[in-house]
**Student:** 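Here it is, the structure, as structure tokens.
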Amino acid sequence: MTHDPNCIFCKIVQGAIPSRKVYEDDEILAFHDIAPWAPVHFLMVPKQHVPSLAHVSEAHAPLLGRMLALAPRLALEQGCQPYPEGGHRVVINTGVQGGQEVHHLHVHVMGGPRPWAKG
Ligand code: AMP
């Protein structure tokens, strides 16, 4: 498993920085965002260091597929209401102009009653 010693999300994956865990398996960690935009706001990250969606290749497709397939289930577990009245937003900021601040691929999952703090 590849980690970047300077990456904050790698440190969270390794337990060197604490997080409020939502889900974990061999490949994926999900934890609550430290500055939530919405009543439910958690991040899903691959445990291996992938800097962004721009770095993804065909080899990552199963991992990304698993992350996306997991998002609705975790959203419900975290208190999002069911589709279609409820639902959730899935966002992957990519690159500086894409709004990415932490350069370890992460999927934002946001939901819950509106209004939200942002978005
Ligand atoms: P992005 O702008 O897409 O790169 O999003 C980075 C997200 O990581 C922001 O929503 C931050 O609030 C969140 N974040 C940064 N540091 C931490 C941390 N230590 N624990 C949880 N979330 C974090």
Side-chain angles (χ1 to χ4, degrees):
M1 181 94 49
T2 331
H3 295 297
D4 176 342
N6 299 313
C7 170
I8 186 168
F9 287 175
C10 284
K11 289 179 185 168
I12 287 176
V13 165
Q14 294 173 297
I17 291 179
S19 70
R20 289 203 299 131
K21 195 192 300 182
V22 165
Y23 172 85
E24 180 170 22
D25 65 29
D26 288 350
E27 293 184 306
I28 298 166
L29 178 70
F31 52 93
H32 291 281
D33 196 292
I34 206 166
W37 294 15
V40 174
H41 186 175
F42 61 88
L43 305 174
M44 306 174 68
V45 305
K47 287 189 167 178
Q48 63 175 288
H49 183 74
V50 180
S52 81
L53 194 62
H55 295 77
V56 160
S57 69
E58 192 64 31
H60 297 99
L63 169 64
L64 288 178
R66 290 193 57 234
M67 290 173 76
L68 276 187
L70 201 53
R73 189 189 109 196
L74 297 184
L76 287 174
E77 286 176 10
Q78 292 306 312
C80 291
Q81 298 301 301
Y83 177 94
E85 290 81 9
H88 57 277
R89 178 177 290 179
V90 173
V91 172
I92 306 177
N93 295 326
T94 306
V96 173
Q97 291 183 342
Q100 185 178 6
E101 291 179 356
V102 176
H103 292 266
H104 179 129
L105 174 62
H106 53 281
V107 177
H108 292 259
V109 182
M110 291 166 274
R114 289 181 178 270
W116 294 355
K118 280 203 253 181

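Both ligands and their constituent atoms are indexed starting at 1 by order of listing. The structure displayed is predicted, hence computed values, not measured ones.
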**Student:** How about CD on Gln81, more than 12 heavy atoms from neighbouring residues, nucleotides or ligands closer than 6.0 Å, or not?
**Tutor:** no
**Student:** Using heavy atoms and a threshold below 4.0 Å, how should the contact between Phe9 and ligand 1 be classified: side chain, backbone, both, or neither?
**Tutor:** side chain
**Student:** Enumerate the atoms of ligand 1 whose separation from the nearest heavy atom of Asn93 is less than 4.0 angstrom.
**Tutor:** 1 (P), 2 (O), 3 (O)
**Student:** Please work out which of the three classes, parallel, tilted or perpendicular, describes the rings of His108 and His41, given edges at 30° and 60°.
**Tutor:** tilted
**Student:** Is the contact between Ile12 and ligand 1 made by the side chain, the backbone, both, or neither, using heavy atoms and a 4.0 Å cut-off?
**Tutor:** side chain
**Student:** Can you tell which part of Phe31 has a heavy atom less than 4.0 Å from ligand 1: side chain, backbone, both or neither?
**Tutor:** side chain
**Student:** In terms of heavy-atom contacts, does CZ of Arg114 have more than 12 from other residues, nucleotides or ligands at under 6.0 Å?
**Tutor:** yes
**Student:** Please report the shortest heavy-atom distance between Gly111 and Ala38, naming the atom on each side.
**Tutor:** O-CB, 3.6 Å
**Student:** For atom 6 (C) of ligand 1, which of the options Arg20, His106, Lys11 provides the nearest non-hydrogen atom?
**Tutor:** His106
**Student:** What protein heavy atom sits nearest atom 12 (O) of ligand 1, and how far off is it?
**Tutor:** Asp33 OD1, 2.5 Å
**Student:** I need the nearest protein heavy-atom contact for atom 2 (O) of ligand 1: residue, atom name and distance, please.
**Tutor:** Gly99 O, 3.0 Å
**Student:** For ligand 1, which part of His108 has a heavy atom less than 4.0 Å away: the side chain, the backbone, both, or neither?
**Tutor:** side chain
